[in-house]
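Remarks on the structure that follows.
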Amino acid sequence: MARPRMLGADMNSNDTVHAGNRLDMSIVVPVYNEEENIKKFHKELSGVLDSMQRPCEIVYVDDGSTDRSPELLRAIAASDPRARVIFFTRNFGQTASISAAMDNAVGDIIIPMDADLQNDPHDIPLFMEKIGEGFDVVSGWRRRRKDPYLTKILPSRMANWIISVVGGVHLHDFGCSLKAYRRNVIRHVRLYGEMHRFIPLFAHQVGARTTEIEVNHRPRAAGKSKYGLSRIYKVMLDLFVVKFLSAYFTKPIYFFGSVGGFLSVAGAFFGVWTLYDKHFGVFVHKNPKILLSIFLIILGFQFIMMGLIAELLMRTYYESQEKPTYFIRDKLNFDA
């Protein structure tokens with residue numbers, strides 16, 4: 001089966017640099033204070049990759065660990081030529097780690113996973129099978145999740161439902177780190193905040209074929225979780241940004257203009273209501289609706305002006321960098 005290709009305008013710089021030494025897979029692994037798990041994780045992962053016999057690499061990103069993780073990663077890199085390590089100057093977070101790893105990975109298929117041994121490396125062949133069926137994004141579903149219900153599972157289910165409804169991509173588990181992506185559907189994605197969980201939404205914007213498979217989720221054997229309930233608020237804010245970017249990024253005036261138009265109409269309505277009251281003897285200076293009318297009209301005008309400014313910024317963004325506003329899945333007979 002010929003694999004579908006998702007194309008933008010041209011290869012980015014990283015694609016150009018590495019075009020001559022492609023690998024099938026790049027396993028992307030953020031690491032933060034995992035000294036108790038990292039050696040066992042690498043041994044188990046290496047065994048799975050050896051059995052698959054496919055050209056691959058493992059890209060570790062040390063996210064400013066304060067334990068012995070950097071030392072252990074150096075030893076792993078010295079003993080295994082497939083292991084490549086990026087060291088951050090300080091802790092920048094999981095999203096930055098995944099972004100840095102993807103920017104430096106050279107595999108055609110990018111597979112992020114955690115180093116805490118809760119993700120099972122033996123699931124990797126299942127992801128590659130689904131990719132081989134023609135899917136561009138394969139997301140893991142921790143159906144039998146081994147985490148506390150109140151602090152992990154319940155908030156996650158609520159967040160997954162909200163993301164599915166707002167984002168338009170219906171997955172059971174956006175928070176599962178174990179996923180697989182074709183490089184060409186995510187090469188233009190830039191991640192900020194806690195946005196790594198929204199990569200399937202970004203891929204969906206360019207028409208990626210997405211599916212989901214159940215994965216084995218294991219209880220944490222050592223160390224402690226780095227993430228808690230405090231992430232939920234950040235995730236919701238990031239979801240608002242992602243929704244805005246997906247729906248209105250190329251035409252922000254539609255969003256700001258719609259809000260501004262609604263506020264202006266509401267302001268005009270209260271203005272007419274004030275005139276109606278005046279006709280029946282209600283003094284305007286004692287009527288709060290006139291103030292509300294003026295406020296809404298001014299606010300509506302400001303929203304429309306913000307939309308025009310956003311339009312100018314959007315056009316500068318695309319035209320100055322020659323970024324495409326469309327994505328092509330494939331081409332035929334252009335080489336000839």
Side-chain angles (χ1 to χ4, degrees), residues 3-8 11-31 41-42 45-46 48-49 52 54-63 82-86 93-115 119-141 169 171 173-192 194-213 215 327 329:
R3 294 184 306 182
R5 293 180 295 137
M6 191 76 66
L7 304 175
M11 284 185 174
N12 63 15
S13 58
N14 192 56
D15 290 332
T16 304
V17 170
H18 297 301
N21 60 335
R22 280 279 188 233
L23 300 172
D24 276 2
M25 298 183 298
S26 291
I27 313 299
V28 167
V29 187
V31 178
F41 169 82
H42 183 78
L45 176 60
S46 296
V48 173
L49 297 180
M52 295 179 68
R54 304 182 69 152
C56 62
E57 65 176 352
I58 308 169
V59 182
Y60 289 103
V61 179
D62 179 71
D63 188 19
R82 292 176 303 193
R84 302 172 181 179
V85 186
I86 298 170
Q94 188 178 14
T95 296
S97 300
I98 292 176
S99 182
M102 292 195 306
D103 287 343
N104 288 273
V106 298
D108 290 324
I109 308 301
I110 308 295
I111 302 179
M113 62 187 308
D114 291 331
N119 292 148
D120 190 346
H122 293 88
D123 287 324
I124 292 176
L126 302 178
F127 282 83
M128 294 303 293
E129 286 179 13
K130 283 295 182 182
I131 290 289
E133 293 175 11
F135 291 101
D136 303 303
V137 177
V138 184
S139 181
W141 176 17
V169 179
L171 298 175
D173 194 356
F174 283 91
C176 180
S177 296
L178 186 54
K179 293 180 171 67
Y181 308 100
R182 291 190 190 275
R183 164 189 291 280
N184 46 18
V185 303
I186 61 170
R187 66 183 183 181
H188 295 296
V189 173
R190 292 294 176 263
L191 302 175
Y192 307 92
E194 300 286 341
M195 288 187 177
H196 64 277
R197 68 188 67 247
F198 300 131
I199 296 178
L201 302 186
F202 291 118
H204 177 70
Q205 293 173 24
V206 299
R209 297 185 178 99
T210 303
T211 190
E212 188 175 45
I213 62 173
V215 296
F327 291 85
R329 181 171 294 282

Close side-chain approach of I109 to D24, heavy-atom, < 4.5 Å: no

Test item: N119 side-chain N/O and D114 main-chain N/O as donor-acceptor pair under 3.5 Å: yes

Pairwise distance CG(L201) to OG1(T210) - rounded to 0.5 angstrom: 9.0 Å

Nearest-0.5 Å distance, CZ of residue R84 to CD1 of residue I27: 12.5 Å

V137/H204 under side chain to side chain contact (heavy atoms under 4.5 Å, CB included): CA gap, chis, key distance, verdict: CA-CA 9 Å; V137 177; H204 177 70; over 6 Å; no

Any side-chain heavy-atom pair of D136 and V206 under 4.5 Å: no

For S97, side chain to side chain donor-acceptor pair (under 3.5 Å) partners two or more places apart: none

Within-4.5 Å side-chain heavy-atom neighbours: I58 and H42: yes

Sidechain-backbone polar pair: R183 side chain, A105 backbone, donor-acceptor under 3.5 Å: yes

Validation row: E133, T211 side chains within 4.5 angstrom (heavy atoms): no

F41 CZ to M113 CE distance, which is reported to the nearest 0.5 Å: 4.5 Å

M102 side chain reached by I199 side chain, heavy atoms, under 4.5 Å: yes

P121 to V48 - nearest heavy-atom pair and separation: O-CG1, 3.4 Å

Heavy-atom side-chain contact between R182 and I131 under 4.5 Å: yes

Euclidean distance, D63 CG relative to I86 CD1, rounded to 0.5 Å: 11.5 Å

Heavy-atom pair of closest approach, residues M52 and P125: SD-CG, 3.9 Å

R54 side chain to L23 backbone, donor-acceptor under 3.5 Å: no

Distance in Å, R197 CZ paired with S177 OG, rounded so as to fall on 0.5 Å steps: 8.0 Å

Pairwise side-chain contact, Y181 with F202, heavy-atom cut-off 4.5 Å (strictly under): no

I110 side, atom CD1; I98 side, atom CD1 - distance, nearest 0.5 Å: 11.5 Å

Where V169 and P200 come nearest, the two heavy atoms and their spacing: CG2-O, 4.3 Å

Heavy-atom side-chain contact between H196 and P30 under 4.5 Å: no

Between S139 and E212, a side-chain donor and acceptor under 3.5 Å: no

Side chain to side chain contact (heavy atoms under 4.5 Å, CB included) partners of L126, counting only residues at least two apart: D123, E129, I213

